[in-house]
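Below is one structure, written out as structure tokens; comments come after it.
Remember, predicted model here, so these are calculated numbers, not experimental data. Both backbone and side-chain heavy atoms feed into the values below; hydrogens, waters and symmetry mates do not.
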Amino acid sequence: MHGKTDGGTTFVRNYNVLGPATDKAPNMELVYEPLLRIDYGDGAVVKPWLAESWTFGEGGKLLTVKLRDDVKFSDGKPFTVDDALYSLTLPLEKPDFSIAGITYKSVTKVDDRQLAIRFAEPAYATLTQFANILLPMVPKHVWSTQNLNTWTNPEPVGTGPFTLAEFKPQQITLKARDDYWGGKLPMSTYKIIPTSPDALKAQLLKGEVDWASNSWANGEKEYVAKDPDKHLYQLYSNGGAMSVLFNTAKAPFDDVHVRRALALTIDRTAVVTTLQRPGTEAGPTGLSDQLFADWLDPQYKGKVQKVDADAAKAELAAGGYTVEQGALVKDGKRYQPSILFNSDWSWGNYADILINTWKQTLGLEVKGAGQPSAGYYDKQNLGQFDLVAASTGGAGVYGVYNFLSSSYRQPLGKSATLNQGRWSDPQTDQVIAQMQRTDNVDQLKTLGKQLQQIVVDKVPFSPIYNNYYFVEINATRWTGWPTPENFDHIPFVGMGPDTILTLLKLQRRGN
């Protein structure tokens, strides 16, 4: 039983993973799978999944992918190269469906098991896009007959280990397949219930929920201490940070002086103290010291940006801004900012800390704009915000920063699943493009440091605290869970193949 804490109180039966609707059914990664996976336990390297192997040719412009030959869809039909070709071509033909932010230009069939994927430029670093669960392999024989803009795919057919057994708005029951290519699952069903962060705690303590992903302040004392053998509260660094993302398509956040001033007056220590995770303040680059020790510019290692009101006021003055009656003022125009945050994440307390600090240090009154998940993502993607509390991170340094590419930039009002801050900077684009063109580690490190410098100097976003995947487990019924000390996959629900690997390796307690 999985308790999903960001799903509101009900679920929507919409398994069209690529469709334009915002409300989707949860945990589609148990039905639809990508070609590759990322192994965060092994330095975020790319590993096979539905693809058996791959090679780059033509100086990195041609990627040849070889598929497994033992994969079937849940309706019994084989997963073929034509299905993969259809799946990868969809976002090319329908750019609105490119929610994974694809960078390839064409896909062709080589033979019965191989695809040729072409890029305009060398693209070694972009291999990770094929590990994105937002670029899933779907059955051509089902999807090609539908109007994908309106279809809700109520009976999903995928290559994943589960099928939909029963859908109720307040409980989804998935049935384990007995012909899954990845092996036999130890359970017959998998149930998902929508819950709130507060209700979840009681449900875990009662053993009503086996698995959840939620940040639980004081979880070690309130949960683990009651039964250290069965109550597991785990944190896995994802390499990124919870950050304030600036909407750089709007004034005054298109001005670096404003961005720097606000970044200089974020009280990161107060936030992590409230989170009860002292010592997890993020560095100015947004890269975790823990995961990126070999990639960080030495000048930023162990560095945490402190509140500096004088420097912030100097930045505002340099930009020609004053603060009058709680608003930023320049050339007769007043700007009254707001900060968007996800209220399902219980982020209100942390937003208040930022709001209070900006008022105390600058006299600036920033309004809180909490939204539940659906509204939060809608507004974020459409650019309907001034500041937004959002996660930044990814696989490798390129994966953390590539969302800043202007190729993902959309006009305000048009949905962007990447680069929601509408960052556009030729220097950033140039470095990202250079990273895509090389597989030389030393060169990648040099370019990664250039991106760190851009983030610190130009502040497209300002990191607050290091981000983690939070995992709560009640191991009363199941054992075999990974731990942060020993893992080759992260037991975080929603991570695609990692979620599947977790379930495959569980054992019933006592067996």
Side-chain angles (χ1 to χ4, degrees), residues 2 11-19 21 23-37 48-52 65-91 93-94 97 99-100 107 109 111-115 130-168 171-192 493-494 496-497 499-501 503-504:
H2 167 226
F11 295 131
V12 175
R13 188 169 182 164
N14 181 357
Y15 286 90
N16 182 351
V17 63
L18 296 174
D23 286 339
K24 304 283 181 69
N27 301 121
M28 281 193 269
E29 73 279 1
L30 298 176
V31 176
Y32 296 107
E33 300 177 293
L35 290 174
L36 306 173
R37 68 173 286 250
W49 198 250
L50 293 182
E52 180 180 272
V65 174
K66 186 176 184 180
L67 305 179
R68 297 180 64 96
D69 63 357
D70 56 351
V71 179
K72 289 184 177 180
F73 288 106
S74 55
D75 63 0
K77 295 185 184 299
F79 167 61
T80 69
V81 70
D82 292 322
D83 295 303
L85 177 63
Y86 173 77
S87 302
L88 295 177
T89 303
L90 263 178
E93 295 180 342
K94 302 176 185 293
F97 288 12
I99 56 178
V107 188
K109 179 178 176 179
D111 56 33
D112 287 345
R113 290 184 61 191
Q114 296 188 97
L115 289 169
F130 303 102
N132 192 330
I133 57 173
L134 298 179
L135 189 56
M137 296 299 102
V138 299
K140 178 183 178 182
H141 61 279
V142 177
W143 282 57
S144 62
T145 63
Q146 305 295 331
N147 179 344
L148 300 184
N149 286 305
T150 58
W151 182 50
T152 58
N153 191 14
E155 302 291 345
V157 173
T159 61
F162 288 95
T163 59
L164 179 61
E166 183 178 43
F167 190 101
K168 296 178 180 177
Q171 179 172 299
I172 296 171
T173 302
L174 301 179
K175 180 182 177 183
R177 292 174 58 180
D178 57 11
D179 60 346
Y180 178 55
W181 68 269
K184 181 174 174 52
L185 288 151
M187 66 286 294
S188 59
T189 58
Y190 179 86
K191 296 183 178 180
I192 309 164
V493 181
T499 312
I500 295 169
L501 286 171
L503 293 171
L504 282 168

Problem - More than 12 heavy atoms from other groups under 6.0 Å of NZ on Lys77 - result: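 Counting neighbours around NZ of Lys77, 12 or fewer heavy atoms of other residues, nucleotides or ligands fall under 6.0 Å, so no.
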Nearest atoms (heavy-atom pairs only) where [X] meets [Y]:
{"X": "Ser74", "Y": "Thr163", "value": "CB-CG2, 3.4 Å"}
{"X": "Val31", "Y": "Phe162", "value": "CG2-O, 3.9 Å"}
{"X": "Leu85", "Y": "Val107", "value": "CD1-O, 3.4 Å"}
{"X": "Gly496", "Y": "Ile133", "value": "CA-CG2, 3.5 Å"}
{"X": "Tyr15", "Y": "Ala25", "value": "CZ-CB, 3.4 Å"}
{"X": "Pro154", "Y": "Leu164", "value": "O-CD2, 3.5 Å"}

Practice task
Before accepting this row, confirm whether a basic side-chain N of the pair Arg68/Asp70 lies closer than 4.0 Å to the acidic partner's carboxylate O.
Solution key: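 Yes, charged N to carboxylate O under 4.0 Å.
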Exercise for the section: For Trp49 and Leu501, run side chain to side chain contact (heavy atoms under 4.5 Å, CB included): C-alpha distance rounded to whole Å, both residues' side-chain angles, the deciding distance at 0.1 Å, then the answer. Expected result: CA-CA 11 Å; Trp49 198 250; Leu501 286 171; 3.9 Å; yes
State, yes or no, whether a side-chain contact exists between [X] and [Y] at a heavy-atom distance under 4.5 Å.
{"X": "Val142", "Y": "Phe73", "result": "no"}
{"X": "Pro26", "Y": "Ile172", "result": "yes"}
{"X": "Val81", "Y": "Asp111", "result": "no"}
{"X": "Thr152", "Y": "Arg13", "result": "no"}
{"X": "Leu90", "Y": "Leu148", "result": "yes"}
{"X": "Val138", "Y": "Ser87", "result": "yes"}

Handout entry: Parallel, tilted or perpendicular: ring planes of Trp143 versus Tyr32, cut at 30 and 60 degrees
Key =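 Perpendicular.
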Point-to-point distance, once rounded to the nearest 0.5 Å, from [atom1] of [X] to [atom2] of [Y]:
{"X": "Phe167", "Y": "Leu174", "atom1": "CZ", "atom2": "CG", "value": "10.0 Å"}
{"X": "Thr80", "Y": "Lys140", "atom1": "OG1", "atom2": "NZ", "value": "8.0 Å"}
{"X": "Leu50", "Y": "Met137", "atom1": "CG", "atom2": "CE", "value": "7.5 Å"}
{"X": "Asp179", "Y": "Lys184", "atom1": "CG", "atom2": "NZ", "value": "10.5 Å"}
{"X": "Arg113", "Y": "Lys66", "atom1": "CZ", "atom2": "NZ", "value": "4.5 Å"}
{"X": "Lys94", "Y": "Leu18", "atom1": "NZ", "atom2": "CG", "value": "11.0 Å"}

Problem - Lys168 side-chain N/O to Thr173 backbone N/O, donor-acceptor pair under 3.5 Å - result: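 Not at all, since once roles are kept as given, no pair shorter than 3.5 Å links the two residues.
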Exercise for the section: Using atom types as modelled and distance alone, determine if a side-chain donor or acceptor of Asn16 lies under 3.5 Å from a backbone N or O of Thr150. Expected result: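 No, the answer is negative, given that no donor and acceptor are paired below the 3.5 Å cut-off.
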Practice task
I would like to know whether Leu67 and Leu35 meet side chain to side chain contact (heavy atoms under 4.5 Å, CB included); could you show each step before the answer?
Solution key: CA-CA 8 Å; Leu67 305 179; Leu35 290 174; 3.7 Å; yes
Handout entry: From CA spacing to verdict: side chain to side chain contact (heavy atoms under 4.5 Å, CB included), Asn27, Val493
Key = CA-CA 7 Å; Asn27 301 121; Val493 181; 3.0 Å; yes
Practice task
I would like to know whether Lys24 and Val17 meet side chain to side chain contact (heavy atoms under 4.5 Å, CB included); could you show each step before the answer?
Solution key: CA-CA 7 Å; Lys24 304 283 181 69; Val17 63; 5.6 Å; no
